[in-house]
Trainee: 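What follows is a single structure, and I will ask about it in a moment.
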Amino acid sequence: MKAIRRFTVRTVLPEPIAALGALATNLRWSWHQPTRKLFESLDSGLWEESRHDPVGFLGSISREKLADLAEDADVVERVAAAGEDLRRYLENPRWYQTLGEGAPRCIAYFSPEFGITEVLPQYSGGLGILAGDHLKAASDLGVPLVGVGLLYQSGYFKQALSRDAWQQETYPVLDPDALPLTLLREEDGTPAVVTLPLPNGRKLHAYIWRADVGRVPLLLLDSNVPANDDGARAITDRLYGGGGDHRLQQELLLGMGGVKAIRIYERLAGCPAPEVFHTNEGHAGFLGIERIQELMATEEPLSWDEALVAGRASTVFTTHTPVAAGIDRFDAAQIRYFFDAGLAPSVPTAKILELGRESYEGGDPSVFNMAVMGLRLAQRANGVAKLHGEVSRAMFAGLWPGFDHSEVPISSVTNGVHVPTWIDSSITDLAEELAPGAAVGGRWDVVFNVSDEEIWAVRRQLRARLVEDVRRRLRASWKKRGAADAELAWTDSVLDPDVLTIGFARRVPTYKRLTLMLRDPARLKRLLLDPEHPIQIVIAGKSHPADDAGKKMIQDLVRFTDDPEVRHRIAFLPNYDIAMARTLFPGCDVWLNNPLRPLEACGTSGMKAAINGSLNLSVLDGWWDEMYDGSNGWAIPTAGDKASPQERDDVEAAALYELIEDHVAPRFYGASSKAEGAESAGAAGPSAAGTNGVPTHWVSMIKHTLSHLGPAVSADRMLGDYVRELYTPAAVSGRSARADDFRQARELAAWTKHVRTNWSQVHVEHIESGGLSEVPQIGDRLHVNAYLNLGVLNPTDVLVEIGYGRVDESDELTETHIVELEAVQTLGNGRYLYGGTVTIERSGPFGYTVRVMPRHEALASKAELGLVVNAG
Ligand SMILES: *Cc1c(COP(=O)(O)O)cnc(C)c1O
């Protein structure tokens with residue numbers, strides 16, 4: 001076993017500058033500019049060579065140079081001050097420490113990918129970056145989170161292009177010793193190991209690496225260990241590589257191995273056991289099985305039903321996609337094969353199979369669905385934007401039959417972005433109080449104190465920096481594609497720092513429609529080359545290696561950009577990653593997003609653009625659907641639901657061209673709000689603008705965007721929402737379930753069984769009403785009596801409601817109001833009279849109905865058990 005790099009760094013760092021070790025290994029540097037500046041100041045040449053990777057940077061400084069630095073009083077003082085600043089950041093109480101006892105003592109956050117910095121390439125796209133931002137915001141706010149994931153030997157992949165523009169993937173192998181990671185060791189110094197049984201008597205062992213994300217430890221399981229056979233070693237080879245068994249074994253390691261890793265970490269680090277387990281998308285869902293296994297294997301074991309209740313109470317599941325391909329579905333037989341090997345020896349495999357069964361109409365009975373299991377294993381679930389919550393409720397409604405979609409117990413928390421990571425320092429430099437300051441939150445409205453000229457100058461500077469970056473990357477890409485330097489002089493004048501710059505970068509699944517802008521190539525060309533209001537476009541994105549349709553889209557696009565007529569105005573940059581993103585978002589004036597609505601669950605790149613003063617031009621999907629307000633950007637209109645895919649693309653592409661031509665470009669070049677299109681004819685070329693060359697209307701939109709969207713899209717806001725709406729309620733439920741040796745969990749499990757068994761006896765026998773005028777009118781009070789038969793259940797077991805309101809032609813209630821009915825008389829033989837009154841408050845068609853549902857204090861929603869008896 002090689003010594004890990006961190007240890008090496010520490011031993012060679014002279015004592016006076018020893019704090020550099022902690023500053024390099026704690027990933028706070030990735031969002032803390034003063035720390036990065038400190039490294040750069042020590043040796044800017046080596047800093048560039050190490051590609052801004054502090055661990056690599058320190059490793060590359062010679063002993064002599066280190067000794068010199070340790071003798072330099074100024075360096076010693078600055079290093080000590082930075083070390084002290086980090087120590088305070090890690091130890092001092094923050095927002096979360098003001099919340100008191102109700103909030104969970106620890107939260108475990110599981111995700112298949114984490115995008116924290118390009119130095120730790122363990123992400124493919126939005127899901128991973130979101131997870132990274134979640135950890136960073138948790139750190140800033142003092143939320144006691146532990147992250148759990150896998151360490152992939154090659155991360156995702158590196159993207160390059162062939163001469164004919166086909167995506168090329170490479171998988172450089174990462175050396176964990178050279179990454180900002182620490183191996184978790186037992187007290188005797190040997191590596192801590194997680195072990196899972198595999199079929200045929202094989203075993204899967206994994207080491208646990210810890211990354212420090214500010215205050216938040218992130219545990220990454222690594223199967224590339226000597227004790228494994230070759231097959232087991234390769235389980236964590238790549239992110240989202242392979243299919244079938246390979247993917248399943250990754251997810252078993254992540255979920256079940258992840259819980260084991262947490263337990264080892266609790267023991268070695270002496271930290272509290274998590275009171276809440278959060279699974280970020282279905283991939284990590286097996287964590288619920290491992291926790292049930294724990295509860296069924298104690299000296300006084302819980303039964304399956306009891307353990308399920310107890311585990312669910314403290315589990316949160318976040319679903320991230322309405323796209324079928326984004327949801328893992330395994331063959332049920334595969335699941336049986338692995339669990340029969342003894343992965344969860346106390347849990348009956350048949351019970352596990354039931355959890356993932358698509359037992360609803362239209363489901364495939366041979367399939368094991370990870371999202372469905374996630375929903376069944378978590379008492380609380382959410383989507384990632386308001387619209388996505390709605391879409392998810394409809395999508396999974398089959399699990400709660402008999403309830404309206406709006407009542408399906410899936411809420412939403414809109415994603416956010418970690419502002420200190422994604423805001424450019426030139427934006428924060430505009431005003432001292434602007435934006436970050438992390439925990440305390442910035443005062444975004446101070447942007448109104450900044451002059452238009454200053455803002456416009458910063459925007460140009462950011463655009464110019466992007467232009468430089470694009471030229472450099474484009475030249476490098478062409479060299480990889482086989483071009484000689486002599487052919488590449490043109491790349492030095494690609495793009496123009498004064499031309500309206502539109503950005504589009506994201507993964508390339510079909511629904512994101514990378515090539516929508518190519519729908520009418522001639523029209524796109526005209527927009528790019530417009531003599532008065534030209535635009536330029538920068539595009540990036542990786543296609544999943546198995547997705548040839550995605551690669552074809554990239555190829556079509558790159559071929560268009562290769563055309564000498566337009567190549568100075570449109571560029572595709574290979575290998576989209578966090579490093580590219582940090583120059584790209586701030587450098588674009590407009591961030592374009594044109595997914596097929598409503599398939600973009602949230603989207604976060606537009607948020608990152610917004611906090612840098614870029615304006616969004618997007619289909620009303622994901623976050624934009626709830627945050628577009630008419631003056632912070634533009635909404636691309638969408639075709640109606642009835643349109644064919646062809647028609648949708650035609651209509652939406654045409655709308656996009658029109659918006660750019662008539663609204664976006666004229667305003668950028670200085671038109672004021674009125675009659676933009678008409679005015680444009682008279683404008684005097686690309687530099688035409690309002691007062692002092694500043695397009696005042698455009699700048700006012702920038703200010704509005706920063707002040708309004710800044711706080712709304714921040715990951716601090718998101719974390720606060722999770723803590724209040726999900727983590728704290730889950731901790732409270734979890735504690736209640738466990739108290740007194742799981743008294744409530746046992747009781748709820750027994751009660752649920754009793755209710756389920758006898759639910760078929762529940763009937764609404766008869767309903768009477770009175771109190772209406774001869775011609776019903778507003779203000780009438782409608783008295784409703786319902787005669788119910790509850791069979792062996794008691795009135796305390798049920799909730800009886802009248803739902804009333806407007807009805808449509810088919811008698812569906814719309815705008816439903818709910819009033820609870822009370823048991824007013826016991827009629828014997830399980831029969832009860834329920835009564836209540838509603839006041840009619842509006843005219844028009846009116847209807848009502850009565851329904852019965854199970855009621856228990858430990859249920860988080862009335863739909864939770866999926867049981868309801870509707871009258872009639
Ligand atoms: C933000 C980000 C994403 C996710 O962007 P979406 O808008 O959600 O598609 C993907 N990759 C990188 C590098 C990012 O920074």
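All residue numbers refer to positions in the sequence shown, counting from 1. Numbering of ligands and ligand atoms starts at 1, following listing order. Just so you know, these numbers use all the heavy atoms, side chains as well, and skip hydrogens, waters and symmetry mates.
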Trainee: Could you identify the single nearest non-hydrogen protein atom to atom 4 (C) of ligand 1 and state the distance to 0.1 Å?
Mentor: Gly126 CA, 3.4 Å

Trainee: Is a donor from one side chain sitting under 3.5 angstrom from an acceptor on the other, for Trp591 and Ser605?
Mentor: yes

Trainee: Please state which part of Asn593 comes within less than 4.0 Å of ligand 1, counting heavy atoms only: side chain, backbone, both or neither.
Mentor: neither

Trainee: May I ask you to say whether Arg210 pairs ionically with Asp212, meaning some side-chain N is under 4.0 Å from a carboxylate O?
Mentor: yes

Trainee: Ion pair present between Asp140 and Lys136, side-chain N to carboxylate O less than 4.0 angstrom?
Mentor: no

Trainee: Say whether Ser124, considering both its backbone and side-chain N or O atoms, lies within less than 3.5 Å of an N or O atom on ligand 1.
Mentor: no

Trainee: Is the shortest side-chain N to carboxylate O distance from Lys552 to Asp556 below 4.0 Å?
Mentor: yes

Trainee: Look at atom 11 (N) of ligand 1 and say which protein heavy atom is nearest, naming residue and atom and giving the distance to 0.1 Å.
Mentor: Tyr576 CE2, 3.3 Å

Trainee: Does a side-chain N-to-carboxylate-O contact under 4.0 Å join Lys386 and Asp625?
Mentor: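 Salt bridge absent between Lys386 and Asp625.
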
Trainee: Looking only at protein heavy atoms, which one is nearest to atom 2 (C) of ligand 1, and what is the separation?
Mentor: Lys608 NZ, 2.5 Å

Trainee: Using a strict cut-off of 4.0 Å, indicate which atoms of ligand 1 neighbour a heavy atom of Gly125.
Mentor: 10 (C)

Trainee: N/O of Ser605 under 3.5 Å from N/O of ligand 1, yes or no?
Mentor: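 Yes, Ser605 has an N/O under 3.5 Å of an N/O on ligand 1.
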
Trainee: Is it true that Arg465 and Glu468 have a side-chain N and a carboxylate O under 4.0 angstrom from each other?
Mentor: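 Looking at Glu468 together with Arg465, the answer is no, because their closest N to O distance does not fall below 4.0 Å.
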
Trainee: Heavy-atom pairs closer than 4.0 Å: do any link ligand 1 to the side chain of Phe504, the backbone, both, or neither?
Mentor: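 Looking at Phe504 and ligand 1, no heavy atom falls under 4.0 Å.
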
Trainee: Please work out which of Arg507, Lys512, His320 has its closest non-hydrogen atom nearest to atom 9 (O) of ligand 1.
Mentor: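 Ranked by closest heavy atom to atom 9 (O) of ligand 1, first place is Lys512.
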
Trainee: Considering heavy atoms of the protein only, find what lies nearest to atom 8 (O) of ligand 1 and give residue, atom and distance to 0.1 Å.
Mentor: Thr604 N, 3.0 Å

Trainee: Is any side-chain heavy atom of Glu600 closer than 4.5 Å to one of Ser618?
Mentor: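 In short, these two side chains do not touch, never coming nearer than 4.5 Å.
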
Trainee: So, Arg513 and Glu652, do they make that salt bridge, N to O below 4.0 Å?
Mentor: yes

Trainee: Provide the number and element of each atom of ligand 1 under 4.0 Å from a heavy atom of Ala581.
Mentor: 15 (O)

Trainee: Relative to the heavy atoms of Phe585, which atoms of ligand 1 are at a distance of less than 4.0 Å?
Mentor: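 Atoms satisfying the 4.0 Å criterion: 15 (O).
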
